[in-house]
Amino acid sequence: MGIKFKYNKTELQELTKQLRIRKTALPTIKHKESALRLEVRQARRRAAELQLQIEETLQRIDYMAPLWSEFDFSLLKIKDVEMRIKNIAGVKTPVLENVRLEEKKINLFDQPAWYLDGLLILKQLALQSVEQTFFVHKAELLDRARKKTTQKVNLYEKVQIPGYKEAIAKIKHFLEDQEVLAKAAQKILKNKRMRLQT
């Protein structure tokens, strides 16, 4: 994709201005891209850590599998997930504030002795699962923003800045040629007049 332009001084000034804008903006956009890349990496790492913790917990309680069939899972539910928005490198990003669980009261005399431990394990898994899902989505959101930023960096570096430079060079060359031709025409006219006067 080439830069469209006209061969005149006004266009030269406009292209020079556009080139300056892009050259000035490029370091900021590159900084944004690297900041987003770091945030994506951190969110993915946290999601992977949580996934590992969930798997470890599930392996640790695997021996209890027969008992879980009698567990009343309605005793615990996720009531609310509280988030706020934080600006990271110009991108509105969610921050997990709190996960509120709702727990039904249980009568320990009516339930098996291990229910209390089971409830604690279930709480831990619920919190880890919510947080793990949150970090997976956060990484996806930030990665989309990073990809858009990378595209902009590439557009500026590989297309627009070289395109503007080339267009500016062509206009300058054209205007210089025009000036040379105008001077040559003036010289010819001057010589003609001098010949006519003599």
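Numbers for residues simply follow the sequence, beginning at 1. Every heavy atom of this structure was used, including side-chain atoms; hydrogens, water molecules and symmetry mates were not.
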J.: Find out whether L141 and P94 are in side-chain contact, i.e. whether some heavy atom of one side chain is under 4.5 Å from a heavy atom of the other.
T.: yes
J.: Hydrophobic clusters here meaning ILVMFWY residues chained together by side-chain heavy-atom distances under 4.5 Å, can you tell me if F71 and I54 are in one?
T.: yes
J.: Test D72 against K104 for salt bridge (charged side-chain N to carboxylate O under 4.0 Å, His left out), laying out the working first.
T.: CA-CA 10 Å; D72 181 5; K104 281 186 187 173; 5.5 Å; no
J.: Taking it one step at a time, do F135 and E49 satisfy side-chain contact (heavy atoms from CB on, under 4.5 Å)?
T.: CA-CA 10 Å; F135 277 103; E49 286 169 1; over 6 Å; no
J.: What about V153 and L38, same hydrophobic cluster or not, with Ile/Leu/Val/Met/Phe/Trp/Tyr joined at side-chain heavy-atom distances under 4.5 Å?
T.: no
J.: Please answer: with hydrophobic residues joined when any side-chain heavy atoms are less than 4.5 Å apart, are Y63 and L125 in the same cluster?
T.: yes
J.: Which is it for L101 and I78 under the side-chain contact (heavy atoms from CB on, under 4.5 Å) test, yes or no, and what are the steps along the way?
T.: CA-CA 5 Å; L101 301 173; I78 296 167; 3.7 Å; yes
J.: Checking N154 against V159 for the side-chain contact (heavy atoms from CB on, under 4.5 Å) test, could you report, in this order, the C-alpha distance in whole Å, the side-chain angles of both residues, the deciding distance, and whether it holds?
T.: CA-CA 7 Å; N154 289 337; V159 178; over 6 Å; no
J.: Look only at the side chain of N8 and the backbone of T10, and say whether a donor-acceptor pair between them is shorter than 3.5 Å.
T.: yes
J.: Would you name the heavy atoms of P27 and T24 that are closest together and state the gap between them?
T.: CD-O, 3.3 Å
J.: Below 4.5 Å, heavy atoms only, C-beta onward: do I161 and L19 meet side chain to side chain?
T.: yes
J.: Apply salt bridge (charged side-chain N to carboxylate O under 4.0 Å, His left out) to residues E11 and K6 and explain how you reach the verdict.
T.: CA-CA 6 Å; E11 191 76 3; K6 296 173 188 156; 5.5 Å; no
J.: State yes or no: do L122 and L127 share one hydrophobic cluster built from I, L, V, M, F, W and Y residues joined by side-chain heavy-atom distances below 4.5 Å, directly or via other members?
T.: yes
J.: Considering non-hydrogen atoms only, spot the tightest contact between I3 and L15 and give its length.
T.: CG2-CD2, 4.0 Å
J.: Test of understanding: clusters of I, L, V, M, F, W, Y form through side-chain heavy atoms closer than 4.5 Å, transitively. Do M83 and I88 belong to the same one?
T.: no
J.: We want to know whether E55 and Q51 form a side-chain donor-acceptor pair, criterion being a heavy-atom distance below 3.5 angstrom.
T.: yes
J.: Tell me the closest heavy-atom pair linking I29 and T149, and the distance in Å.
T.: O-CG2, 3.5 Å
J.: Are R46 and E131 close enough for a salt bridge, meaning some N to O gap below 4.0 Å?
T.: yes
J.: Under 30°, 30 to 60°, or over 60°: which ring-plane class applies to F73 and W68, parallel, tilted or perpendicular?
T.: parallel
J.: What distance do E39 atom CD and L142 atom CG have between them, rounded to the nearest 0.5 Å?
T.: 6.5 Å
J.: With no hydrogens and no angle check, do the side chains of T16 and R20 hold a donor and an acceptor under 3.5 Å apart?
T.: no
J.: Would E56 and R60 count as a salt bridge (charged side-chain N to carboxylate O under 4.0 Å, His left out) if you check the C-alpha gap in whole Å, the side-chain angles of each, and the deciding distance to 0.1 Å?
T.: CA-CA 6 Å; E56 285 171 356; R60 204 173 60 245; over 6 Å; no
J.: Side chains of R22 and Q18: donor-acceptor distance under 3.5 Å anywhere?
T.: yes
J.: Could you give me the CA-CA distance, side-chain angles and deciding distance for E33 and K30, then say whether salt bridge (charged side-chain N to carboxylate O under 4.0 Å, His left out) is met?
T.: CA-CA 5 Å; E33 180 193 24; K30 281 183 167 183; over 6 Å; no
J.: Looking at CG of L155 and NZ of K152, how far apart are the two atoms once the value is rounded to the nearest 0.5 Å?
T.: 8.5 Å
J.: At their closest point, which heavy atom of Q128 faces which heavy atom of T57, and how far apart are they?
T.: OE1-OG1, 3.8 Å
J.: Is any NZ, NE, NH1 or NH2 atom of the basic residue among K172 and E176 found under 4.0 Å from an Asp or Glu carboxylate oxygen of the other?
T.: no
J.: With side-chain contact (heavy atoms from CB on, under 4.5 Å) as the criterion, how do Q132 and V136 come out once you've worked through the C-alpha distance, each side chain's angles and the decisive distance to 0.1 Å?
T.: CA-CA 6 Å; Q132 195 271 343; V136 165; 3.5 Å; yes
